[in-house]
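None of the values given here were measured: they were computed from a predicted structure. In the text below, chain A, chain B and the rest are named by the order of the sequence lines, each starting its count at 1.
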2 protein chains.
Amino acid sequence: MLLRSLCALNEGARNSLEDISGLIERRSRETAVDVKTVPFSRLDNWVVDDKGGLKHSSGKFFSVEGVEAETGYGSFRRWTQPLINQPEIGYLGLLAKEFNGVLHFLMQMKIEPGNINHVQVSPTLQATRSNFRREHHGRKPFYLDRFEDAAPRDILVDQLQSEHGSRFLRKRNRNIVVMLDGDIELYQDFCWMTAGQIKALTLLDNKVNMSARSVFSLLNPGRFARPFDDTRALSAFGKALLLSAGTDHSVHSTDTLLSWLTGLKADCKLVVRPCPVNKMPEWRVSEDEIARRDGKYFKILGINVSIAGREVTSWCQPVIKAAQNYLCAFIVKEFHGVPHFLVQAKLECGNYDVIELAPTVQCFTDGGDDGGGENESGDPVPFFDYVRVTPPERILYDTLQSEEGGRFYHDQNRYMLVMAGGDLPEEIPEEFAWMSLKQVYTFLRFNNFVNVQARSLIAALPYV
Amino acid sequence: MLLRSLCALNEGARNSLEDISGLIERRSRETAVDVKTVPFSRLDNWVVDDKGGLKHSSGKFFSVEGVEAETGYGSFRRWTQPLINQPEIGYLGLLAKEFNGVLHFLMQMKIEPGNINHVQVSPTLQATRSNFRREHHGRKPFYLDRFEDAAPRDILVDQLQSEHGSRFLRKRNRNIVVMLDGDIELYQDFCWMTAGQIKALTLLDNKVNMSARSVFSLLNPGRFARPFDDTRALSAFGKALLLSAGTDHSVHSTDTLLSWLTGLKADCKLVVRPCPVNKMPEWRVSEDEIARRDGKYFKILGINVSIAGREVTSWCQPVIKAAQNYLCAFIVKEFHGVPHFLVQAKLECGNYDVIELAPTVQCFTDGGDDGGGENESGDPVPFFDYVRVTPPERILYDTLQSEEGGRFYHDQNRYMLVMAGGDLPEEIPEEFAWMSLKQVYTFLRFNNFVNVQARSLIAALPYV
C-alpha cells in the first residue's frame, strides 16, 4: 500500500506537539507510582525454584533462569548469567489512520513501573500473550480486536523483532502496524499523533518508550509515495537520508553483507545451556537480589508496585536494575553522497540467531561520563573513544532513552548518532560493516537481524 | 556480480552429459560399499549415555538426543522423539568458473554410506566443522582454502540453510558459491559441469545429492545477465518460470506473505525441551535400535561402513533409517501468466525458527504407492489426494531423490511438481499461500525460511 504522506509535524495534525507534551505532563502529575524493593520471599505470586530462579506461580508471564554461554566469537569466552525467559510472543501494535490526508498513529500515554518518569508515549497495543489471553483476569486490552481481525490489505508492517539479547532469552515481539478505515472510539489516555510528532518526541529524553521506538523503526519512508510533507523540518543530513532510502548505491552489495554475516555466524559457535542460578560462579543469590559478585552489569530485584491515579492497582514482580548505563551510538558517513551506518555484528547469549546487527558502539560506561569503554574481557571497545570525543558540530543526535519499563527499573541509556570525521580509520575490524539506510531497512524487514538498540536509533531518523 | 550465462546444457561445456553419466557409473562400479548393522555396544568410538542417547567419544561430530515438543499449531500436540544434534555449521561449497563464457561448477563424485547407489554428484566441498578442523586426523578436505580465503567480490551466494527439521535439531549449513579466476588443480573424482547439466541430472532418480540440490536452489537466474544460452531445452512452463524470476507480479505482496508467516509463528507456541531417550513414551530403546513402538516414521541404527575403492576406509556411526518414504510435491499454477507455488508453512520441532516454508505436500506414504496421506494426528493431509491423482499431462516433475547420505540410510523420497487443474479449490487452508518464484527467491536469500525439501524442488527449475 502506498500512503500519501508519512511524516507531518503539526500541519494537518489533530493535536499540536505542545498539546501532546501537555497531555504527557498532566498524566504524569495525576499519577503516583510507588515502587518498593521487597525480598523475593515477599513477592506475591512468585516463587523461588530449587535452582534459585524465579517464576510466577501460574507458570505464565516470565521467569528468571540461569544460563551458561560458550562462544568462540572474538576471544574465546565462557560465562554464566541470569536471563528473563518470556517465551510468549506479544503484540507491539500501532493503529494508523489518515485524517485530511495526513497519517496519524494512535498512541497511548502509558505508565510502566520501571519508567524513570512514569508516563511515556507507547504503541496503541502493548500486550503479552498472557495479557491478551486475559490470564490474569484483567480486562481485555483496548483495541486488541483491531489487530486480531485485521485484513491482510490493511497491515502495513508485521514482523517478529527481538529485544535485549543480553537480558532476555530469545525474546521476540510481533511489531505490527494496521491501517484503520472507519471510525473508532477514543479511550482515555489515547491520542492521535503524526509520525513527525512522534519522531520529534524521540529527540527529547525519555518521552517515547522502547516499544514505540521499535515499531516506528520499521516504517521505511521509501515505501510511501510522498513520505514527508514538511521537509522544512529536516536538516541537510536528514534530507540526504530520506533520499538514500530509495537508492541502491552502497559501499557493499547486500549479498556481500549477507555473506559477511553468514561467515561470522558460521565461525562463532554459540552454545547456551541451562545453568542453575544458585550454581553460577560469577553471581551471588541472596534473599533480596541476584547480583554479580563484582557488582557489574545488572542485578535482579523484587519490587512491589502501586500505581494510584484514577484507580489504584498494585502487584509484585522481579525487575532488572542496571548497575551501569550504556552508550549506543552509530557512526554515520556519506559515501558518494549516500549516508551509511557503521553497523556492528554483535553476539549476545540471548539472541535468537547468534548475532544481530547493533550500533557501532553498544557498551557499558562506568556510571559517570568518563569511564567505561571496555568489553567483558577488559579490552577496549572499538570506536568508543572516537564517539566520546566527537566535537559538538558532528553530533547529530544525543539523548537519553528508556529501555523496557515493564521489566527494567529506571534504565535509561545514552543514544547518539555522530558524523564521521576525516580522522576515522579506513580499515575497520571484521565485525563491522558500512550499510546504507536502504540496506538497514532490507534487514529490518526480515526477523532477528537488527537489534533493539539499533532500531531505537533508526526510529528517530530522518529527524536528526 | 552479473554473470553472462548460467545454464548451458552441452554447448560450450567441458564435458558432455553422456561423459558425466559415464563417470558416475564407472565410479560406482569401481567401489564396493559394505554396510553392516551392528548393536550400539559395538559402534567403535560411540557411547550410549545414561539417557539412552548416543554420542561420539570425542564429544565432536553429532549426537542422538531425545526431545519433548509441545505446540499449539493446528490441533494441540505434544510428542517425544530423538533428533540428531549437530551444532556445528559445515560447508556446502561450490566452486564456479567460466570456460569460454559458460559458467561451470566443480562437482565431486562422492560416495556416502547411506546412498542407495553409492555415488552421487555432490558439491565441491561438503565438510562439517570437525572435518575441516581435521578433528578426526584425516587429510584436509580438497579446495577448502578456496572457500576460507575467498574475496567478498568472488562470493556469489553465501547463506545458512536448514536441513530436515523432523530429524535434526536446528541444523544449518553454510551454502556458498565462489567464483574462481585463475587455474586450479583438478583432483580425482572432480568434474566441471554446467548448471544445465546438473539440473538435467536432477530430472533423473538419485543422481544429484541433497547438498548439491540445496546449493543449486539458491542460484536465482534473475541475478544473471543472460541466464540461459539454450532456452530450446526449456518447456513453455520453464520459459514462463524463467521470465517470472524477474517480475514483481504476484498474488500477494511480499509484505503480506511476511505478515502471514509472522502471524503463524506468533500463534503457534513451540516449546522443545530435552527428554531422555530412554524416557520417551512413544519410543523403545533396545541394544540394536531406537524405534517407535508403532514402527512409524524412522528408527536409529548403528552401522559399520567399509568402502573399498582405490583405498579402503571403514568406520562406525549411527544412522537414521526411514520406516516410511515421503512425498514432497509443489502444486503450481499460473496467475496472469506468472507461475506461483502453493507453499506450506510447516512446523517441525527441529526447525531453527518454528516454521519453515515447505512444499504443498510433505508427508509420509505408507510404503507402497497407495497408502499414507494422514498427518501425525490421523487427519487427512491437505492436497495429498489431489497430487496423487494428478493426470500425467499435468505432472511436470516426478523423481526419486536421496536425502543426506551421511546420516540417513537408503532414504529416497518422491519429489513432484504438478500443475493445478481447474478443479483446485480457490479457498486454501490458512497455513498455505501462493508465492511467485521471485518471492521464493526473496525468502531463500535470508536464512531459515525455505526448508530443504522445498529447495530440492526449486533446484530442478526451470528444467522441468
K.L.:
Please determine, among B:Thr256, B:Leu258, B:Ile176, the option with the most heavy-atom pairs under 4.5 Å with chain A.
P.N.:
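Most heavy-atom pairs under 4.5 Å with chain A: B:Leu258.
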K.L.:
Angle between ring planes, A:Phe446 versus B:Phe446, binned at 30° and 60°: parallel, tilted or perpendicular?
P.N.:
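Plane angle under 30°, so parallel.
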K.L.:
Do A:Ser259 side-chain atoms and B:Asp158 backbone N/O form a donor-acceptor pair below 3.5 Å?
P.N.:
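Absent.
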K.L.:
Heavy-atom count check: over 12 atoms from other residues, nucleotides or ligands less than 6.0 Å from B:Lys346 NZ?
P.N.:
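Yes, enclosed.
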K.L.:
Minimum heavy-atom separation for B:Ile89 to A:Lys265, with atom names?
P.N.:
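Reported closest heavy-atom pair: CD1-O, 3.7 Å.
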K.L.:
Less than 4.5 Å to any heavy atom of chain B: does that hold for the side chain of A:Phe449, its backbone, both, or neither?
P.N.:
side chain
K.L.:
Take atom NZ of B:Lys51 as the centre, draw a 6.0 Å sphere, and report whether it contains more than 12 heavy atoms from other residues, nucleotides or ligands.
P.N.:
no
K.L.:
Answer with side chain, backbone, both or neither: which region of B:Ser253 has an atom nearer than 4.5 Å to a non-hydrogen atom of chain A?
P.N.:
neither
K.L.:
Determine the option with the most heavy-atom pairs under 4.5 angstrom with chain A, choosing from B:Val157, B:Leu160, B:Asp255.
P.N.:
B:Asp255
K.L.:
Give, as side chain, backbone, both or neither, the part of A:Arg170 having an atom under 4.5 angstrom from any heavy atom of chain B.
P.N.:
side chain
K.L.:
Tell me, out of B:Leu270, B:Thr262, B:Asn173, who's got the most heavy-atom pairs with chain A below 4.5 Å.
P.N.:
B:Thr262
K.L.:
Considering only heavy atoms, which portion of A:Pro152 lies under 4.5 Å from any heavy atom of chain B: side chain, backbone, both, or neither?
P.N.:
both
K.L.:
May I ask you to name which of B:Gly263, B:Pro274, B:Pro87 has the most heavy-atom pairs under 4.5 Å with chain A?
P.N.:
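The residue among B:Gly263, B:Pro274, B:Pro87 with the greatest pair count is B:Gly263.
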K.L.:
Might you confirm whether atom CG of B:Asp181 has over 12 heavy atoms from other residues, nucleotides or ligands at distances under 6.0 Å?
P.N.:
no
K.L.:
More than 12 heavy atoms of other residues, nucleotides or ligands under 6.0 Å from NZ of A:Lys438: yes or no?
P.N.:
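Yes, the 6.0 Å shell around NZ holds more than 12 heavy atoms from other groups.
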K.L.:
Who among B:Asp353, B:Asn447, B:Thr254 has the most heavy-atom pairs with chain A under 4.5 Å?
P.N.:
B:Asp353
